[in-house]
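First comes the structure, then the notes that go with it.
Lettering follows sequence order; numbering is per chain, from 1. Quick caveat: nothing in here was measured; it's all calculated off a predicted structure.
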Amino acid sequence: MLEISGLKVFHGPIEAVHGIDISVPEGSCVALLGPNGAGKTSTLSAITGTARATGTIRLEGRDLAGLDIEDRFRAGISIAPEGRRIFANLTVFENLRMGAATRTDGGIERDIEEWLSRFPILGERRSQSAGTLSGGEQQMLTIARALLSKPRILLLDEPSLGLAPKIIGQVFALIEDLRHEGMTILLVEQNAGAAIEVADYVYVLANGLVTRHGPSGEFGDGSGLMGELTGVHD
Amino acid sequence: MDYAAQQLLNALSFGAEYALIAVGLAIVFSIMGLVNFAHGEVIAFGGYSMAVVGTVVTGNPLVLMAAVLIACVSVSLLLERVAFRTVRKADITTGLLTAFGVSIILQNLYLLLGSPRPISATQFIFLDRTLLIGPVHVSSLQIYETVTTIAAILFLTLFLKRSYLGIAMRAASRDFQMVRLCGIRANRVVATAFAISGLLAGLACIFIMARRGSVTPHMGFDPVLTAFIACVLGGFGSLPGAVLGGFILGFLEVGVLVLLPQTAGGLAQAAVFLVVALLLFWRPDGILTPATEKGDKL
């Protein structure tokens with residue numbers, strides 16, 4: 001589905017990611033773990049086209065080089081970004097409409113209603129300004145917005161960041177549901193334990209390099225990853 | 001009664017003109033962060049187009065109105081494509097300097113290809129007649145101006161609330177990159193903002209030409225400067241703020257003229273700006289500053 005090879009990502013003159021290879025098979029959930037500054041969000045930015053990068057990114061065999069942000073989205077890459085980035089000045093319903101802005105089929109309203117019934121709290125607040133939602137509600141909204149385009153792959157950037165433990169459980173339950181529904185997911189997380197639990201395969205990034213990767217079963221409950229995640233080794 | 005009604009209509013029509021131009025500035029600023037000081041030259045381009053079409057093609061006012069609107073929208077889109085698109089990702093100062101540069105180039109083009117003296121174009125003068133409504137004498141132009149502005153703002157509000165592109169424009173005023181990450185083309189959103197800005201400039205141009213009956217290279221500069229102050233007063237980037245700022249300025253201008261004694265008439269503009277300064281002391285970011293400026297929760 002998504003094949004990344006030799007990826008280097010730049011922020012101005014600084015190279016944040018130093019040539020990594022990542023593979024996300026269709027229908028799988030792949031987790032990208034690592035401490036702050038490891039290059040996780042930079043990798044997602046390279047995939048969505050918001051950061052300058054070299055190397056190869058292929059989606060279903062199609063090289064994404066030269067495609068701008070909008071064309072990558074239209075190719076099937078959708079992101080629920082870090083910090084959620086909901087449109088605070090739009091209503092919940094309008095935020096969801098933005099997610100389906102490129103669709104031309106007749107099922108948009110039906111799909112929006114489906115998401116609003118899946119998250120009843122959003123349904124109750126459909127006409128309310130999205131900026132007034134709680135952090136957890138905003139996270140649900142941003143994931144629903146990302147999925148309304150019917151993407152080929154969903155990128156989730158730190159979906160648990162800044163949320164209460166109870167809400168984190170709900171977010172990961174949603175990711176688990178999506179995985180069972182066959183959605184291909186690339187998940188960036190610092191909450192290693194929860195990410196390993198929902199992922200099929202795990203990459204660990206540190207200082208812009210993949211330091212370890214393998215099936216999620218090899219990582220246990222994630223507690224052994226603390227060295228890689230913090231960069232402090234015994 | 002007659003006097004009070006006339007002054008009220010004066011204030012409304014001044015405010016309407018400032019609001020039309022201010023919304024044109026604000027809609028571009030809210031999306032691009034660009035204060036388009038070349039907006040006045042877009043208005044002047046409409047005036048010159050009217051003069052040329054009126055002389056060469058037809059004097060039919062309806063055709064001329066269409067010509068003014070088409071000319072203003074076209075030149076606005078052209079400026080976006082040629083001048084502003086290239087500096088879209090640059091620093092905000094670069095955009096501001098580009099706008100000043102475009103403004104100066106256009107003014108000099110008008111001087112070179114036209115004339116530094118006013119060029120007559122009087123086909124819209126008929127809009128300005130004295131009407132008797134009950135016991136009150138009013139100017140028909142002021143009524144047209146106020147009603148047109150209210151209608152334009154209502155249509156714009158409907159467009160921004162109901163259409164995909166309108167919702168995208170409101171979203172872009174908050175997070176342009178996220179709009180692109182929803183697959184909506186940046187060029188389309190920005191071009192639409194410039195087209196709307198040009199259309200509003202065209203409407204303002206029609207009323208300015210109806211009042212002046214002539215076009216000069218600098219005719220758009222003063223109204224745009226006042227509209228800029230209206231935007232600052234209302235809260236830059238806020239469309240309702242631009243409308244509110246425009247009408248506040250209109251009422252202030254007329255109010256000061258009415259209240260000041262005749263001997264102090266020369267101080268009218270200074271008095272208006274004093275009140276604006278006091279309002280900005282009270283609300284330094286403008287009256288209706290967008291919520292982002294005050295910090296949202298994530």
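- Listed for the A/Glu70 side chain is a donor-acceptor partner under 3.5 Å among the backbone atoms of B/Ala186.
- At most 12 non-hydrogen atoms from other residues, nucleotides or ligands lie less than 6.0 angstrom from CZ of B/Phe221.
- No salt bridge links B/Arg180 with A/Asp71; every basic N to acidic carboxylate O contact stays at or beyond 4.0 Å.
- The contact between B/Arg162 and chain A is made entirely by backbone atoms, counting heavy-atom distances below 4.5 Å.
- For the atom pair CZ (B/Arg170) and CZ (A/Phe87), the distance works out to 11.0 Å, reported to the nearest 0.5 Å.
- Note that CD of B/Gln177 and CD1 of A/Ile69 are 5.0 Å apart. Values are rounded to the nearest 0.5 Å.
- A/Asn89 approaches B/Ser173 most closely through the heavy-atom pair ND2-OG, 3.5 Å.
- At a 4.5 Å heavy-atom cutoff, the contact between A/Arg74 and chain B is made by side-chain atoms alone.
- One distance of note links OH of B/Tyr164 with OG1 of A/Thr102; it measures 8.5 Å at 0.5 Å rounding.
- Using a 4.0 Å cut-off between charged nitrogen and carboxylate oxygen, A/Glu94 and B/Lys161 do not count as a salt-bridge pair.
- At least one side-chain heavy atom of A/Asp68 sits under 4.5 Å from a side-chain heavy atom of B/Arg185.
- Taken to the nearest 0.5 Å, the SG atom of B/Cys182 stands 13.0 Å off from the CZ atom of A/Arg97.
- For B/Arg188, the CZ atom is loosely surrounded, since the number of other residues' heavy atoms within 6.0 Å does not exceed 12.
- Looking at A/Arg72, there are no atoms closer than 4.5 Å to chain B (heavy atoms on both sides), in backbone or side chain.
- For chain B, no part of A/Leu155 is nearby; none of its heavy atoms comes within less than 4.5 Å.
- The side-chain heavy atoms of B/Met178 and A/Met98, taken from C-beta on, include no pair separated by under 4.5 Å.
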